[in-house]
Amino acid sequence: MTQALLPTYTIATRPQSYIARVRTGVLDWLESVRCQDPAIGWGRWRYHVAMPEPWSTNASGIAIRILHELDALDTVPASLKQQAIDYLRSCQDPDDGLFRDPLETDDRHDGPHSWEQVWGQRHSAATEALVYLNADPLYPLPDAQFADLTRIAGSAFTLEHTDWRNPWGHGESWARAIEAFLNNNRLTSKDRADLSSPVLREAFAAFEQHIIDPESGYPSRRMPHRDDPRAMAGLFKIMMAYVACGRPYPHAEAAIDSTLALQHEDGEFGCRNNMCINWDSVWVLLQLDRQLAAAHHHPDIVHAGQRLADHLIAHYRKPDGGFAFHGRHCISNHHSIRLCDTPQPIGDMLGTTMALYCLQYADHWLCPD
């Protein structure tokens, strides 16, 4: 994709932020999917009203993040926050330190993700929520996730233990293993960026030499066939490790060009009716735009975010005030866990939080701090 093929847009100003337009509706929707049983306690949410279980650990962690992002968490009384803290702490395994959902059992597992990958997401949501609640986990966090980088060479971890045929499915495991290593070794910002640890240096070198396609900027060299939306989603996953290290991503200009080319005329990115691809795309653009100090197609990035925000409010937002993950209907399976049998035209936790982030980015680009 050459620069000449990319359009140039005039940036319009907005009298009211995107977030301000949806904030009240989202908060009302969030309350509608909160468990209301006082015997159970405050701080437990479902993905959506079609979910038969009374709550979900992952949805609860995301809900607390939404309250934080909308500046509503501080209005919650301390006694209620403590109930949420107690619940999240009860989900932590004292032996390995991982957070798990006690309601997610084998009969609900329906998809390709391993339980290790499922718990990795639940663990992340719970630990992040505790940070927003100014609370610590009950037990020490795990020393490693997906791979113990103190016991394996960085190149072997990258090239032999990570399946890059599907970077969307396995790039997250690569990034989370690196993030766990960073956290447990308490490396300074300079040591992270300089890759002072040999295992990190080898892992990133192997990834950059053998996995990234310089032409597209995507981690796609081992994919069996070209699939740009899936490759971009893989970039979203591995970018977590680059951001955690403060390390610049190589071929950033090519990745920006490839990602802008994924946007349809109506504002959506990649495959249709998939909030994940929309959020992944604009998050990648946000990080790469920051890395390049807005020096590469910044006006096009700004307009891409604006077009997506307009589309999400017009087509993904539901009458209940939330956003549906699949545009027309709610998500029925998340990370191989079945949530409901019959999708409905209602908001859900993933669609809402991802949409809010997209709207935040559009607000930031239109009115930067």
Side-chain angles (χ1 to χ4, degrees), residues 1 112-114 116-117 120-121 124 145-147 149 152-182 192-193 195 197 199-263 269-271 274 276-292 296-297 301 304 335 354:
M1 178 63 64
H113 297 93
S114 67
E116 184 179 23
Q117 291 174 314
Q121 284 222 345
S124 177
Q145 289 189 59
F146 299 103
L149 297 189
I152 186 173
S155 57
F157 158 62
T158 300
L159 301 178
E160 300 171 21
H161 291 256
T162 306
D163 185 358
W164 294 108
R165 291 173 298 177
N166 180 1
W168 187 0
H170 298 278
E172 181 175 351
S173 301
W174 185 83
R176 288 195 187 280
I178 289 174
E179 288 181 296
F181 178 84
L182 293 172
R192 291 183 178 209
L195 301 183
S197 168
V199 69
L200 290 181
R201 193 160 53 248
E202 288 183 15
F204 280 90
F207 175 79
E208 292 170 7
Q209 293 171 17
H210 299 286
I211 305 302
I212 299 178
D213 177 0
E215 183 176 348
S216 68
Y218 287 159
S220 57
R221 289 176 65 179
R222 291 194 175 183
M223 294 181 71
H225 55 82
R226 180 164 179 168
D227 186 338
D228 284 353
R230 189 174 294 272
M232 184 282 307
L235 174 57
F236 168 83
K237 302 293 189 182
I238 64 92
M239 278 289 293
M240 297 177 190
Y242 278 86
V243 171
C245 284
R247 180 173 175 78
Y249 182 77
H251 310 296
E253 292 89 348
I256 287 175
D257 292 352
S258 297
T259 304
L260 287 173
L262 291 178
Q263 192 172 35
F269 283 84
C271 51
N274 188 310
C276 194
I277 299 300
N278 287 322
W279 177 41
D280 291 1
S281 297
V282 290
W283 188 85
V284 163
L285 290 173
L286 178 76
Q287 300 303 328
L288 296 178
D289 188 54
R290 286 174 173 172
Q291 176 182 316
L292 298 178
H296 186 75
H297 288 305
I301 291 172
H335 225 60
M354 291 179 180

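Ser155 places no side-chain N or O within donor-acceptor distance of the main-chain N or O of Ala206, the cut-off being under 3.5 Å. Counting only distance, with no hydrogens or angles, the side chain of Thr158 and the backbone of Ala203 share a donor-acceptor pair below 3.5 Å. Judged by distance alone, with hydrogens and angles left aside, the side-chain atoms of Ser220 form no donor-acceptor pair with the main-chain N or O of Met223 at under 3.5 Å. For Ser124 (side chain) and Gly120 (main-chain N/O), no donor-acceptor pair under 3.5 Å exists by modelled atom type. Gln117 contributes a side-chain N or O that, together with a main-chain N or O of Gly169, makes up a donor-acceptor pair within less than 3.5 Å.
Considering only heavy atoms from C-beta on, Ile211 comes within 4.5 Å of Leu159 through its side chain. Looking only at side-chain heavy atoms (C-beta outward), Met239 and Leu288 come within less than 4.5 Å of each other. Side-chain contact check for Asp227 versus Pro229: some heavy-atom pair is nearer than 4.5 Å. At least one side-chain heavy atom of Trp168 sits less than 4.5 Å from a side-chain heavy atom of Lys237. Side-chain contact check for Glu253 versus His297: every heavy-atom pair is 4.5 Å or farther apart. Side-chain contact between Asn278 and Met354: absent, with no pair of heavy atoms (C-beta onward) separated by less than 4.5 Å.
Pairs engaging residues 216-226 under the salt bridge (Lys or Arg N to Asp or Glu O under 4.0 Å) rule: Arg226-Asp228 [sequence neighbours left out].
Between the side chains of His296 and Asp289, no donor-acceptor pair of N or O atoms lies under 3.5 Å.
Ring centers of Trp279 and Phe269: at least 6.0 Å apart, outside the cut-off. Here Trp164 and Phe207 bring their ring centres to under 6.0 angstrom of each other.
Note: Leu235 CG to Trp283 CH2 = 8.0 Å, rounded to the nearest 0.5 Å. Note that OG1 of Thr162 is 10.5 Å distant from CZ of Phe146, once rounded to the nearest 0.5 Å. We find the NE2-CD1 distance between His170 and Ile238 to be 15.5 Å, quoted to the nearest 0.5 Å. From Glu215, atom CD reaches atom CG of Asp257 across 11.0 Å, with rounding to the nearest 0.5 Å. Atom OG of Ser173 is separated from atom CZ of Phe157 by 8.0 Å, given to the nearest 0.5 angstrom. The CG atom of Leu262 sits 6.0 Å away from the CE atom of Met232 when rounded to the nearest 0.5 Å.
Minimum heavy-atom separation, Pro214 to Ala254: O-CB, 3.6 Å. Residues Ile301 and Ile256 share a closest heavy-atom pair of CD1-CG2, 4.0 Å. When every heavy atom of Ala153 is checked against every heavy atom of Val199, the shortest pair comes out as C-CG2, 4.2 Å. Shortest non-hydrogen contact noted between Ala252 and Gln291 is CB-NE2, 3.6 Å. Residue Arg201 comes nearest to Leu195 through the heavy atom pair NH1-O, 2.8 Å, listed as atom of the first residue, atom of the second, then distance. Contact record, Ile277 with Ala233: CD1-CB, 4.1 Å, taken as the closest heavy-atom pair.
In summary, of the residues considered (Phe204, Phe236, Tyr242), a ring pair (Phe, Tyr, Trp, His ring centres under 6.0 Å) with Tyr249 occurs for Tyr242 alone.
Applying the 6.0 Å contact sphere to CZ of Arg165 captures no more than 12 heavy atoms from other residues, nucleotides or ligands.
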### Message
Show, in sequence, the C-alpha distance, side-chain angles and deciding distance for Glu116 and Arg176, and conclude whether the salt bridge (Lys or Arg N to Asp or Glu O under 4.0 Å) test is met.
### Response
CA-CA 12 Å; Glu116 184 179 23; Arg176 288 195 187 280; over 6 Å; no
### Query
Does the side-chain contact (heavy atoms from CB on, under 4.5 Å) test come out yes or no for Gln121 and Glu172, once each step is laid out?
CA-CA 10 Å; Gln121 284 222 345; Glu172 181 175 351; 3.5 Å; yes
### Task
Check the pair Thr259 / Val282 against side-chain contact (heavy atoms from CB on, under 4.5 Å), numbers first and verdict last.
CA-CA 8 Å; Thr259 304; Val282 290; over 6 Å; no
### Task
Step by step, work out the side-chain contact (heavy atoms from CB on, under 4.5 Å) result for Leu200 and Leu182.
CA-CA 9 Å; Leu200 290 181; Leu182 293 172; 3.6 Å; yes
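The ring pair (Phe, Tyr, Trp, His ring centres under 6.0 Å) test applied to Tyr218 returns no partner, not counting sequence neighbours.
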